[in-house]
Amino acid sequence: MGDGRGSNSGSNSNSKPEWLEQYDVIGKIGEGTYGLVFLAKIKSNRAKSIAIKKFKQSKDGDGVSPTAIREIMLLREISHENVVKLANVHINHADMSLYLAFDYAEHDLYEIIRHHRDKVNQPINQYTIKSILWQLLNGLNYLHSNWIVHRDLKPSNILVMGDGEEQGVVKIADFGLARIYQAPLKPLSENGVVVTIWYRAPELLLGAKHYTSAVDMWAVGCIFAELLTLKPLFQGQEVKGTPNPFQLDQLDKIFKVLGHPTQEKWPTLVNLPHWQSDVQHIQGHKYDNAGLYTVVHLSPKNPAYDLLSKMLEYDPRKRITAAQALDHEYFRMEPLPGRNALVSPQPGEKVVNYPTRPVDTSTDIEGTISLQPSQPATLFRFLGKVDVPAVCGPRH
Ligand SMILES: Nc1ncnc2c1ncn2[C@@H]1O[C@H](COP(=O)(O)OP(=O)(O)OP(=O)(O)O)[C@@H](O)[C@H]1O
């Protein structure tokens, strides 16, 4: 690959893109709203595994926009132990499709929670929960300090490293991508793919126009509760056809556990578009018996409960920040959090062996690349103004 210049220049109508030559693609490991994820090894360093995320083309086939590329370039500068590294960016010249190569993580919280709930039928130990939460907050504090709001935190986006030097280190994935997906790569929920609403903050459900870092803290609260109980905290049914983002069932699930929000607790509530028009007149009854501690089986005096309730504060302006959460008493109590969330430093503590990701070797990344004659490339006109190897080439 040399200087990496070939990364966006090497595809034609009958060969595989040149950038792909540097990888051995093992198979598909997942499929999300916006595309497929593949496991690959780097040929020059087979010890290193990479997750290549291929973005689906938008319906109108308009490929990846200059705005998206600008955003992605910024994401390449992001570097923190608890944030997954964007190792490389590749653009397939033939169809203008986008491939992001991330450092590979063997586990994610969705699978870890599922393993405890369905396979071993036992709770996650307190040390592991605290270490995961601590690292998640550290990564988020870094992103928020860099003005990046994740917007789509959920268990499958929180990765945990498998065996090796970084074993048990938590990595936030998909940071900043929600903004890139939205335009012009439209979310594919219209195509029947479900976007989960379970971790969505109440202000967004009520139509707030701006995403603030508080929306991520709400999601962290939902994930913390799920780590404790192994069940999603607010499992609302998404109703298709209602004006997005308003989802009454999701709000109802939240109100049942936390009590009905009041203007006293949340003064700006009345200004939210869906509050007056949609919620107030539909809700005949009011939930005022907040029962979060019974749902998560914690005493209201427990510092874990105190932290959780501060993450699930209705008013986003009063909700605890990542920096404040890291300073909470919960993290100063035994067991203290550690860098390896999977292996407790406590002698005699049982280590859980989580299964490795299943790999579907029947789906080939090349089969998903459509090689067509080149299209007029707005993107490359844009790239002409930047340092192309820095954007598209390998980064060592
Ligand atoms: N860097 C990575 N290493 C290993 N697995 C990853 C990596 N990034 C994503 N995955 C896994 O690939 C799968 C699909 O991920 P993807 O982010 O595309 O979808 P999702 O999180 O399930 O849903 P959505 O697209 O709605 O966010 C998930 O199981 C995720 O944990």
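Indexing begins at 1, ligand by ligand and atom by atom, following the structure's order. Given the structure is predicted, the values throughout are model-derived calculations rather than measurements.
Residue Thr196 does not touch ligand 1, judged by heavy-atom distances below 4.0 Å. Under 4.0 angstrom from ligand 1, the non-hydrogen atoms of Leu159 all belong to its side chain. Here Asp103 has backbone heavy atoms under 4.0 Å from ligand 1, and that is the only part of it that gets that close. Heavy atoms of Glu106 found under 4.0 angstrom from ligand 1: none, in either backbone or side chain. Using a 4.0 Å cut-off between heavy atoms, Phe102 contacts ligand 1 through its side chain alone, with no backbone atom that close.
One N or O on the side chain of Arg319 and one on the backbone of Tyr314 form a donor-acceptor pair closer than 3.5 Å. A donor-acceptor contact shorter than 3.5 Å is absent between the side chain of Lys53 and the backbone of Gly35.
Remark: aromatic rings of His150 and Tyr199 are distant, center separation not under 6.0 Å.
Between His115 and Tyr354, the angle of the ring planes goes over 60°, which puts this pair in the perpendicular group of the 30/60° scheme. In this pair, Trp275 and Phe255 present their aromatic rings perpendicular. The plane angle is above 60°, beyond the 30 to 60° band.
Close to ligand 1: Arg357, with a non-hydrogen atom less than 4.0 angstrom away.
Distances below 4.0 Å separate heavy atoms of Ala51 from the following atoms of ligand 1: 1 (N), 2 (C), 3 (N), 7 (C). In the vicinity of Ile29, heavy-atom distances shorter than 4.0 Å reach the ligand 1 atoms 5 (N). If you number the atoms of ligand 1 from 1 as listed, the ones under 4.0 Å from a heavy atom of Asp174 come out as 17 (O), 27 (O). Every atom of ligand 1 with a heavy atom of Tyr104 under 4.0 Å away is listed here by number and element: 3 (N), 4 (C). The ligand atoms of ligand 1 that sit less than 4.0 angstrom from a heavy atom of Asp108 are 29 (O), 31 (O).
No side-chain heavy atom of Thr268 sits under 4.5 Å from any side-chain heavy atom of Leu272. Side-chain contact check for Asp152 versus Lys154: some heavy-atom pair is nearer than 4.5 Å.
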Could you tabulate the donor-acceptor pairs under 3.5 Å formed by side-chain atoms of residues 325-337, not counting sequence neighbours?
| unit_1 | atom_1 | unit_2 | atom_2 | d |
| --- | --- | --- | --- | --- |
| His328 | ND1 | Tyr330 | N | 3.0 |
| His328 | NE2 | Asp306 | OD2 | 2.7 |
| Arg332 | NH1 | Asp327 | O | 2.7 |

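For atom 23 (O) of ligand 1, the nearest non-hydrogen atom from the set Met161, Lys53, Glu111, Lys154 belongs to Lys154. For atom 14 (C) of ligand 1, the choice among Val37, Ile158, Asp152 with the nearest heavy atom turns out to be Val37.
Not a single N or O atom of Glu31, backbone or side chain, sits closer than 3.5 Å to an N or O atom of ligand 1. In terms of polar-atom proximity, Ser156 is counted as a contact of ligand 1, with an N or O under 3.5 Å from an N or O of the ligand. Residue Ala173 places no N or O, backbone or side chain, under 3.5 Å from any N or O of ligand 1.
When each of Asp252, Leu206, Leu205 is paired with Gln247, the side-chain contact (heavy atoms from CB on, under 4.5 Å) condition holds for Leu205 and for no other. Ile172 pairs in a side-chain contact (heavy atoms from CB on, under 4.5 Å) with only one of the listed residues (Asn82, Leu143, Asn138, Val84), which is Leu143.
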